[in-house]
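Computed from a predicted structure; not experimentally measured.
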Amino acid sequence: MKCNLKLIAAAAMTLSLTACGGGFEANESPAETGNEEAPAAATAENVYRVSFNQTETHPQFIALTNLGQRMADATDGKCSLEVFPNETLGNQKDSIELVQAGTVDFAMVAGSLLENFNPDFVVFNLPYTFDDKEHQQKVFMDPELTDELFSSIEDEKISVLGAFHAGVRNVYNSEKPINTPEDLDGMKIRVIESDTNLKMMELMGGSGTPMGQGEVYTAIQSGVIDGGENNESIFANLKHFEVAKYYSYTRHLMFPDYLITNPDLLANMDPACSDFLKEDMANTQKEQGELWDKEIEKSIQMAEEAGAEFNEADVAAFREAVKPLVEESLTNDFTRDLYAKVREAAN
């Protein structure tokens, strides 16, 4: 159940430590832990390793670490989790393969990566699938909406234990507030490198320019691009407000991140441990959402104090603009039905 940690650590040293996954690639965002004690994992009988691509201050890291502590307490020390941040067990793509092989126990991975195993996961990655964080969490805590999709890749040795909020992406730029798709006309906006995101930005009125997150600041500063699209934490913590002070709430994307494991590991786990893990997942999702809210508040304050300007955009206009992309991405009865049910849950 547990591999040779020395071998894993040695292999991991050859991997990049740059956070590059999730719905927002490099969310190196601070958050309040409310707990400065060492994780309970160190004293548990079975310590399960969680591969994580972000820093120790990230809301997901904190929530998963706290889950491990609760797990140890509830099972009288039979089991716990230890979260390895900063890609020390591998980047997200590699971590999926390690989970499938059984050499890493759990991993937090970007929602888009699971489309490689079942394209139907696209439903949760499309523009305007979710209205807000509360809508997204409502969907992901409803097994009637998620179980069939989440269990569909178990034959690939991947079990999805839970889905987590990873921020809301909005547009920011160096020129002016964005209110409607017409305002983006002629603007080059950095997007994640994918045909879907390029098409999305085109429909939103701009010109999508794919590039690495680390290049965005300099590209805006030099005029290569006019702005980007990401959540407030990236905008503030990577100091993009210094070169693009106009942040507009288009609310166009809300990618989830997934906590995954190998179904064989779950089957062989002590029932007290596996039962607690499943039962407490909703608490972990809720806690992470609350930590995320605090992080966003701090990010907005940081950016505003530096002169950034935030404005509400015409979300209805942008939603209408990207409808063709949504319709062409729902390619079968299952995805169309699931999308309809998700939208119904917004009411």
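- With H252 contributing its side chain and R169 its backbone, the two residues share a donor-acceptor pair below 3.5 Å.
- With respect to the salt-bridge test (charged N to carboxylate O, under 4.0 angstrom), the residues K323 and E320 qualify.
- The side-chain hydrogen bond (donor to acceptor under 3.5 Å, both in side chains) test applied to Q301 returns E305, not counting sequence neighbours.
- A 4.5 Å side-chain heavy-atom check between V50 and D105 finds every atom pair outside the cut-off.
- Remark: side-chain polar atoms of Q60 are not paired, donor with acceptor, to backbone N or O of M108 under 3.5 angstrom.
- Checked by atom type and distance alone, the side chain of S95 pairs as donor or acceptor with a backbone atom of G90 at under 3.5 Å.
- Side-chain contact between N237 and M302 is present, with at least one heavy-atom pair separated by less than 4.5 Å.
- Legend: salt bridge (Lys or Arg N to Asp or Glu O under 4.0 Å) pairs involving residues 277-286, not counting sequence neighbours, sorted by first then second residue: R70-D280.
- Across D183 and P177, no two heavy atoms sit closer than the pair OD2-O, 4.3 Å.
- A166 approaches P256 most closely through the heavy-atom pair CB-C, 4.5 Å.
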Exercise. Does the pair V216 and L238 meet the rule for a side chain to side chain contact (heavy atoms under 4.5 Å, CB included), with working shown?
Worked result: CA-CA 9 Å; V216 174; L238 298 188; over 6 Å; no

For this session: Could you give me the CA-CA distance, side-chain angles and deciding distance for S194 and T196, then say whether side-chain hydrogen bond (donor to acceptor under 3.5 Å, both in side chains) is met?
Result: CA-CA 5 Å; S194 79; T196 298; 4.7 Å; no

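- With Y258 as reference, F121 is the one residue of F164, F117, F121 to meet the ring-ring contact (aromatic ring centres under 6.0 Å, His included) rule.
- Distance check, rounded to the nearest 0.5 Å: CD of Q136 to OG1 of T129 gives 9.5 Å.
- The number of heavy atoms from other shown groups lying within 6.0 Å of CD (E134) is above 12.
- Within the 3.5 Å criterion, the main-chain N or O of V191 finds no donor-acceptor partner in the side chain of E229.
- A search for side-chain hydrogen bond (donor to acceptor under 3.5 Å, both in side chains) contacts involving K133 returns D293, not counting sequence neighbours.
- Under the rule for a side-chain contact (heavy atoms from CB on, under 4.5 Å), the partners of E182 that lie at least two apart in sequence or sit in another chain are T180.
- L277 is listed as a side-chain neighbour of F106, based on a closest heavy-atom distance under 4.5 Å.
- Atom CG of L184 sits about 6.5 Å away from atom CE of M201, to the nearest 0.5 Å.
- Under the 3.5 Å distance criterion, the side-chain polar atoms of T88 are matched with a main-chain donor or acceptor of P85.
- Two residues are said to be in side-chain contact when any heavy atoms from C-beta on lie closer than 4.5 Å; V139 and F124 meet this criterion.
- Using a distance-only test at 3.5 Å, with no hydrogens or angles considered, a donor-acceptor pair links the side chain of H135 to the main chain of V342.
- Contact check for E312 versus R251: side-chain heavy atoms found under the 4.5 Å cut-off.
- Checked against side-chain hydrogen bond (donor to acceptor under 3.5 Å, both in side chains), D131 has the following partners two or more places apart in sequence or in another chain: R319, R343.
- Panel note: side chain S159, backbone E154; no donor-acceptor pair is recorded below 3.5 Å.
- Remark: the backbone N or O of V99 is paired with a side-chain donor or acceptor of N262 at under 3.5 angstrom.
- The backbone N or O of L98 sits less than 3.5 Å from a side-chain atom of T103, completing a donor-acceptor pair.
- Atom-to-atom distance recorded for D333:CG and L338:CG is 12.5 Å, nearest 0.5 angstrom.
- Residues that satisfy the side-chain contact (heavy atoms from CB on, under 4.5 Å) test with A313, not counting sequence neighbours, are T250, F318.
- In this structure, D314 has no side-chain hydrogen bond (donor to acceptor under 3.5 Å, both in side chains) partners at least two apart in sequence or on a different chain.
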For this session: May I have the step-by-step check of side chain to side chain contact (heavy atoms under 4.5 Å, CB included) for N46 and D270, ending in yes or no?
Result: CA-CA 10 Å; N46 292 292; D270 187 299; 5.9 Å; no

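- By the 30° and 60° cut-offs, the orientation of the rings of W292 relative to H58 is tilted.
- Qualifying salt bridge (Lys or Arg N to Asp or Glu O under 4.0 Å) partners for D337, counting only residues two or more places apart in sequence or in other chains: K341.
- Side chains of I234 and Q213 form a contact here, defined as non-hydrogen atoms less than 4.5 Å apart.
- Judged by distance alone, the side chain of E215 and the main-chain N or O of G212 form a donor-acceptor pair under 3.5 Å.
- Residue pairs meeting the side chain to side chain donor-acceptor pair (under 3.5 Å) criterion with at least one partner in residues 200-210, sequence neighbours excluded, do not occur; the list is empty.
- In this structure, OH on Y48 lies 6.5 Å from CE on M71, to the nearest 0.5 angstrom.
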Residues 240-249 side chain polar contacts: donor-acceptor under 3.5 Å, at least two apart:
residue: H240; atom: ND1; partner: Y172; partner atom: OH; Å: 2.7
residue: E242; atom: OE1; partner: Y217; partner atom: OH; Å: 2.6
residue: K245; atom: NZ; partner: E309; partner atom: OE2; Å: 3.4
residue: Y247; atom: OH; partner: N170; partner atom: ND2; Å: 3.0
residue: Y247; atom: OH; partner: N230; partner atom: O; Å: 2.8
residue: Y247; atom: OH; partner: E232; partner atom: N; Å: 3.2
residue: S248; atom: OG; partner: I178; partner atom: N; Å: 2.8
residue: S248; atom: OG; partner: I178; partner atom: O; Å: 3.4
residue: S248; atom: OG; partner: N311; partner atom: OD1; Å: 2.7
residue: Y249; atom: OH; partner: E232; partner atom: OE2; Å: 2.9

For residues 140-150, which side-chain donor-acceptor pairs fall under 3.5 Å, sequence neighbours excluded?
residue: D142; atom: OD1; partner: E144; partner atom: N; Å: 3.0
residue: T146; atom: OG1; partner: D142; partner atom: O; Å: 3.4

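- No side-chain heavy atom of V168 sits under 4.5 Å from any side-chain heavy atom of N231.
- The number of heavy atoms from other shown groups lying within 6.0 Å of CG (D195) does not exceed 12.
- Looking only at side-chain heavy atoms (C-beta outward), Y128 and V326 stay at 4.5 Å or farther from each other.
- The CG atom of N197 sits 6.0 Å away from the CG atom of L253 when rounded to the nearest 0.5 Å.
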For this session: Report the C-alpha separation of Q92 and I96 in whole Å, then their side-chain angles, then the decisive distance to 0.1 Å, and conclude whether the side chain to side chain contact (heavy atoms under 4.5 Å, CB included) test is met.
Result: CA-CA 6 Å; Q92 291 193 341; I96 293 176; 5.8 Å; no

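- Listed by chain and residue number, E175, M187, K188 satisfy the side-chain contact (heavy atoms from CB on, under 4.5 Å) test with D226 (two or more places apart in sequence, or in another chain).
- I62 approaches T57 most closely through the heavy-atom pair CD1-O, 3.7 Å.
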Problem set entry | Test side chain to side chain contact (heavy atoms under 4.5 Å, CB included) applied to F61 and Q54, step by step | CA-CA 8 Å; F61 177 92; Q54 309 285 354; over 6 Å; no

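- Put simply, CE on M281 and CZ on F276 are 9.5 Å apart, with the number rounded to the nearest 0.5 Å.
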